[in-house]
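Everything numeric in this text was worked out from a predicted model, so none of it was measured.
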Amino acid sequence: MGKVLITFPIFSNYLDELKKKHYVEILPYAKPLGEDFFLERVEGFDALIILLSQKITKRVIDKGKNLKIIANYAVGYDNIDVEHASKKGIYVTNTPDVLTEATANLTWALILACTRRIVESDRFTREGKFEGWKPDLFLGMDLEGKKMGILGLGRIGYSVAKKAICFGMEVFYWDIKKKKVEENIKYCKLEEILKISDIISIHLPLTKKTYHLLDRKKFDLIKKGAYIINTARGEIVEEGALIDALKSGKIAGAGLDVYEGEPNINKEFFKLKNVVLTPHIGSATLEARTKMADLAILNVLNVLGGKEPLTKITP
């Protein structure tokens, strides 16, 4: 029997099976947890199921001498020292595929909310300011015939791209590696995408290469009046540069589900009407979150049962 630490309340079709086969400790809250917490708790556990906001460092991995698997309840895994876990022979797993459509759909919710000014007009209406139809009331932007720039054509980026085609948009993408895709999704250099796109949607992993990929110099290249959508990682965008671009009108609007320094959010965003802010809910559907939990637990069951995990990152 193994020992499993789950660092947040979890709902899964396989939780009872996990409890029958192994000792399971579940924390009653979901919040960011740092190195100190894990250094105090990790020793003796064979498996961790953790959130993206919870950091597993080299020191934590060294302390977890019994660790066989770290199961991340997320697609991304920049919160884990994957390289060191691999050296120690510890599996790191994630939850790909099951949240693709949920996150792609939220991306489109943000696109439509920004380009049709849904949040602004909702607030206006609730405040009793609506006095009747006017030709220039909350004018937005049509999507048909516009250019969509996708930064990162993984599963989520590809789903967003296909939906853009349905809206009658021209679709261009940039990624670290060029990919084989259908003809109506065209590859472009990053600088060119920034210059031509009416909407730029970010779907890249956070790495050393993508940290502040959109910095002040890149914002100078972006087409005036474009929209920025980020459902990937907040650190990919230099937020100070984005805020200045929104204030100046260089960027028409932004839809953000992720932030630098999350869960702390730059308060300047709260002062801007041309930004739609959501609290990292890209995968927040009952179906997607249940499948994520199922996959994380199945990975743990497999590893503690002497089998390969279903979605391993390493080793």
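- Between the side chains of H280 and T278, no donor-acceptor pair is found at a separation under 3.5 Å.
- E268 approaches I243 most closely through the heavy-atom pair CB-CD1, 3.8 Å.
- Taking a 6.0 Å sphere around NZ of K273, one finds it holds 12 or fewer heavy atoms contributed by other residues, nucleotides or ligands.
- Alongside W133, the hydrophobic cluster contains no other residue (criterion: ILVMFWY side chains under 4.5 Å).
- Within the structure, the salt bridge (Lys or Arg N to Asp or Glu O under 4.0 Å) test picks out the following pairs touching residues 94-113 (sequence neighbours left out): D97-R155, E101-K163.
- Listed here is the closest heavy atom pair of A161 and I185: CB-CD1, 3.9 Å.
- We find the CG-NZ distance between L272 and K247 to be 6.5 Å, quoted to the nearest 0.5 Å.
- Taking the ring axis of F45 as reference, the NZ or CZ atom of K3 stays within 45° of it and closer than 6.0 Å to the ring centre.
- By the ring-ring contact (aromatic ring centres under 6.0 Å, His included) test, Y73 pairs with F8, sequence neighbours left out.
- Closest of all the heavy-atom pairs between N66 and G44 is ND2-CA, 3.5 Å.
- Using a 4.5 Å cut-off on side-chain heavy atoms (C-beta onward), H203 and T231 make contact.
- Here the OG1-CG distance, from T210 to D78, works out to 8.5 Å after rounding to the nearest 0.5 Å.
- Using a cut-off of 4.0 Å between Lys/Arg side-chain N and Asp/Glu carboxylate O, K147 and D198 are scored as not salt-bridged.
- Separating the OG atom in S248 from the CG atom in L246 is a distance of 8.0 Å, to the nearest 0.5 Å.
- By the 4.0 Å N-to-carboxylate-O rule, R59 lies close enough to E35 to be salt-bridged with it.
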Practice item. Dump the intermediate steps for side chain to side chain contact (heavy atoms under 4.5 Å, CB included) on D46 and L67, then the final yes or no. Key: CA-CA 4 Å; D46 300 281; L67 277 180; over 6 Å; no
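- Shown here are the side-chain contact (heavy atoms from CB on, under 4.5 Å) partners of S197, two or more places apart in sequence or in another chain: I193, I200.
- The salt bridge (Lys or Arg N to Asp or Glu O under 4.0 Å) analysis of residues 251-264, with sequence neighbours excluded, yields no pairs.
- Applying the ring-ring contact (aromatic ring centres under 6.0 Å, His included) criterion to F124, with sequence neighbours excluded, gives F138.
- At a threshold of 4.0 Å, the pair R216-E238 counts as salt-bridged, since one of the basic side-chain nitrogens sits closer than that to a carboxylate oxygen.
- To the nearest 0.5 Å, the span separating CD1 on I69 from CG on N72 amounts to 10.5 Å.
- For K291, the NZ atom is loosely surrounded, since the number of other residues' heavy atoms within 6.0 Å does not exceed 12.
- Each of I118 and Y227 belongs to its own hydrophobic cluster when Ile, Leu, Val, Met, Phe, Trp and Tyr are linked at side-chain heavy-atom distances under 4.5 angstrom.
- Proximity of a side-chain donor or acceptor of T7 to a complementary backbone N or O of I49 within less than 3.5 Å is detected.
- No more than 12 heavy atoms of other residues, nucleotides or ligands lie within 6.0 Å of CD in E83, so this atom counts as exposed by the packing criterion.
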Practice item. For the pair T100 and S159, evaluate side chain to side chain donor-acceptor pair (under 3.5 Å) and give the outcome as yes or no after the intermediate values. Key: CA-CA 7 Å; T100 297; S159 179; over 6 Å; no
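- For the atom pair K209 NZ and L204 CG, the distance stands at 12.0 Å (nearest 0.5 Å).
- For A226 against I251, the heavy-atom pair with the smallest separation is O-CG2, 3.3 Å.
- Under the 4.5 Å side-chain heavy-atom criterion for ILVMFWY residues, no single connected hydrophobic cluster contains both V300 and L52.
- Taking the ring axis of F270 as reference, the NZ or CZ atom of K267 does not stay both within 45° of it and closer than 6.0 Å to the ring centre.
- Residues satisfying the side-chain contact (heavy atoms from CB on, under 4.5 Å) test with L139, not counting sequence neighbours, are D136.
- In this structure, N299 contributes its side chain and L310 its backbone to a donor-acceptor pair below 3.5 Å.
- For K129, the salt bridge (Lys or Arg N to Asp or Glu O under 4.0 Å) partners two or more places apart in sequence, or in a different chain, are E127.
- Linking ILVMFWY residues whenever their side-chain heavy atoms come closer than 4.5 Å, directly or via other members, places Y91 and V75 in the same cluster.
- Using modelled atom types and a 3.5 Å distance limit, the side chains of D294 and N13 yield a donor-acceptor pair.
- When all heavy atoms of T311 and N94 are compared, the closest pair comes out as OG1-O, 2.6 Å.
- To the nearest 0.5 Å, the span separating CD1 on I26 from CD1 on I6 amounts to 4.5 Å.
- Proximity of N266 to Y259: side-chain heavy atoms (C-beta onward) are nowhere separated by under 4.5 Å.
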Review point. Can K223 and L194 be said to form a side chain to side chain contact (heavy atoms under 4.5 Å, CB included), step by step?
Key: CA-CA 6 Å; K223 180 179 180 180; L194 300 181; over 6 Å; no
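- Residues that satisfy the side-chain contact (heavy atoms from CB on, under 4.5 Å) test with E191, not counting sequence neighbours, are K189, K218, L221.
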Point to revise | Working for salt bridge (charged side-chain N to carboxylate O under 4.0 Å, His left out), residues K179 and D175 | key: CA-CA 8 Å; K179 304 190 176 184; D175 208 324; 3.3 Å; yes
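- Smallest separation of non-hydrogen atoms from V258 and A232: CG1-O, 3.5 Å.
- Not one N or O on the side chain of D16 forms a donor-acceptor pair closer than 3.5 Å with the backbone of K19.
- Within the 4.5 Å cutoff, the side chain of L143 has heavy atoms near those of the I199 side chain.
- Not counting sequence neighbours, Y23 has no partner by the ring-ring contact (aromatic ring centres under 6.0 Å, His included) test.
- Hydrophobic clustering, with ILVMFWY side chains joined whenever heavy atoms are under 4.5 angstrom apart, groups Y77 together with I50.
- Partners of Y173 by ring-ring contact (aromatic ring centres under 6.0 Å, His included), not counting sequence neighbours, listed by chain and number: Y187.
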Practice item. Would you sort out whether L206 and I236 count as a side chain to side chain contact (heavy atoms under 4.5 Å, CB included), showing the intermediate values? Key: CA-CA 7 Å; L206 177 62; I236 295 172; 4.2 Å; yes
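- When hydrophobic clusters are built by joining Ile, Leu, Val, Met, Phe, Trp and Tyr residues whose side-chain heavy atoms come closer than 4.5 Å, directly or via intermediates, V237 is grouped together with L151.
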Exercise for review: Let me see the working for H84 and S86 under side chain to side chain donor-acceptor pair (under 3.5 Å), right down to the final yes or no.
Suggested key: CA-CA 5 Å; H84 193 62; S86 184; over 6 Å; no
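- A donor-acceptor pair under 3.5 Å links the side-chain atoms of N302 to the main chain of E308, judged by distance alone.
- A search for salt bridge (Lys or Arg N to Asp or Glu O under 4.0 Å) contacts involving K88 returns D62, not counting sequence neighbours.
- Between R126 and D122, at least one side-chain nitrogen of the basic residue sits less than 4.0 Å from a carboxylate oxygen of the acidic one, meeting the salt-bridge criterion.
- Side-chain atoms of T103 and S283 include no donor-acceptor pair closer than 3.5 Å.
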